[in-house]
Amino acid sequence: HVPNLYVIPAGEYVTNSAELLTLKRFEVLKQLLCQQFELVIMDTPPLGALTDAVVLNEMFSKYIVIVKAGSTNVVDMKKKIKEFPALERKILGLVLNYASIDKMRTYYKKSKYY
């Protein structure tokens, strides 16, 4: 339990998420959430899904990109972001997921951060 954290589960898997994102019901939900909460975080499909990236660009004011260590092709990710300059300007930063702590300790072992 985390105080003041509210979660809406995703529900069933859908094949065309961009279609759901464009529904009027989704827009109403987003507006209600933004009125009720200072910060709304939404987990969305990967940027590789072109239609989702186009739709999402218009829906939110800021983005945090999640990168999976050892899996995400950083060069491809940068190219995809460059395809959407308006989206690129809205990115607050990156979160590195699934990073191996053991490898990081070896890399930083002589640093004050160890």
Side-chain angles (χ1 to χ4, degrees):
H1 177 74
V2 177
N4 298 315
L5 175 67
Y6 300 87
V7 177
I8 300 174
E12 296 180 22
Y13 175 79
V14 294
T15 55
N16 188 355
S17 56
E19 185 178 310
L20 287 178
L21 295 172
T22 59
L23 291 175
K24 181 66 177 165
R25 287 174 46 191
F26 182 80
E27 179 60 31
V28 170
L29 173 64
K30 186 187 95 168
Q31 288 175 0
L32 285 171
L33 293 172
C34 289
Q35 290 171 3
Q36 292 287 324
F37 300 98
E38 184 178 331
L39 179 65
V40 176
I41 298 173
M42 181 171 296
D43 185 15
T44 63
L47 284 176
L50 181 63
T51 54
D52 292 337
V54 171
V55 171
L56 290 170
N57 182 40
E58 300 302 318
M59 296 186 79
F60 300 101
S61 60
K62 300 291 179 195
Y63 297 90
I64 298 173
V65 178
I66 309 299
V67 179
K68 187 175 180 182
S71 177
T72 301
N73 183 320
V74 177
V75 174
D76 287 346
M77 181 194 66
K78 284 181 177 180
K79 285 180 186 176
K80 182 58 69 179
I81 290 171
K82 290 282 186 201
E83 290 176 22
F84 301 97
L87 178 72
E88 183 178 20
R89 288 189 293 274
K90 294 179 181 182
I91 294 175
L92 294 173
L94 301 171
V95 172
L96 180 61
N97 241 351
Y98 295 97
S100 171
I101 293 173
D102 292 337
K103 287 182 183 176
M104 290 170 52
R105 284 188 178 164
T106 302
Y107 181 76
Y108 288 112
K109 72 180 180 182
K110 293 184 181 177
S111 129
K112 64 182 179 182
Y113 297 109
Y114 180 64

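Source: prediction; values computed, not measured. Throughout, numbering of the chain's residues begins at 1 and tracks the sequence.
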Task: Shared hydrophobic cluster, F60 / I66 (ILVMFWY, side-chain heavy atoms < 4.5 Å) - done: no

TODO: Establish whether V7 and V2 are linked, either directly or via other cluster members, by ILVMFWY side-chain heavy-atom contacts under 4.5 Å.
DONE: yes

Task: Considering all heavy atoms, the nearest K82-P85 contact - done: O-CD, 3.8 Å

Task: L33, CG: over 12 other non-hydrogen atoms inside 6.0 angstrom - done: yes

Task: Inter-residue atom distance K62.NZ - I91.CD1, 0.5 Å rounding - done: 10.5 Å

Open item on the list: Could you see if Y6 belongs to whatever hydrophobic cluster contains I8? Use Ile, Leu, Val, Met, Phe, Trp, Tyr and a side-chain cutoff under 4.5 Å.
Closed with: yes

Open item on the list: So, using ring-ring contact (aromatic ring centres under 6.0 Å, His included) as the criterion, who are the partners of Y13 when residues are at least two apart?
Closed with: none

- [ ] Answer with yes or no whether the hydrophobic clustering places L29 together with V40; edges join I, L, V, M, F, W, Y residues whose side-chain heavy atoms lie under 4.5 Å apart.
- [x] yes

TODO: Test Q31 against E27 for side-chain hydrogen bond (donor to acceptor under 3.5 Å, both in side chains), laying out the working first.
DONE: CA-CA 6 Å; Q31 288 175 0; E27 179 60 31; 3.0 Å; yes

- [ ] Among V74, T72, N73, find the one that has a side-chain contact (heavy atoms from CB on, under 4.5 Å) with D76.
- [x] N73

Open item on the list: Nearest 0.5 Å, please: how far is CG in L32 from NZ in K30?
Closed with: 11.5 Å

Task: Under-4.0 Å salt bridge between K80 and E83 - done: yes

Task: Residue L5 excluded, over 12 heavy atoms near CG under 6.0 Å - done: yes

TODO: Indicate if M42 and Y63 have the same hydrophobic cluster label, given that clusters are the connected sets of ILVMFWY residues with side-chain heavy-atom separations under 4.5 angstrom.
DONE: yes

TODO: Evaluate whether atom NZ of K90 has more than 12 neighbouring non-hydrogen atoms of other residues, nucleotides or ligands under 6.0 angstrom away.
DONE: yes

Task: Between CG on residue N4 and CD on residue E38, distance to nearest 0.5 Å - done: 10.5 Å

Task: F26, CZ: over 12 other non-hydrogen atoms inside 6.0 angstrom - done: yes

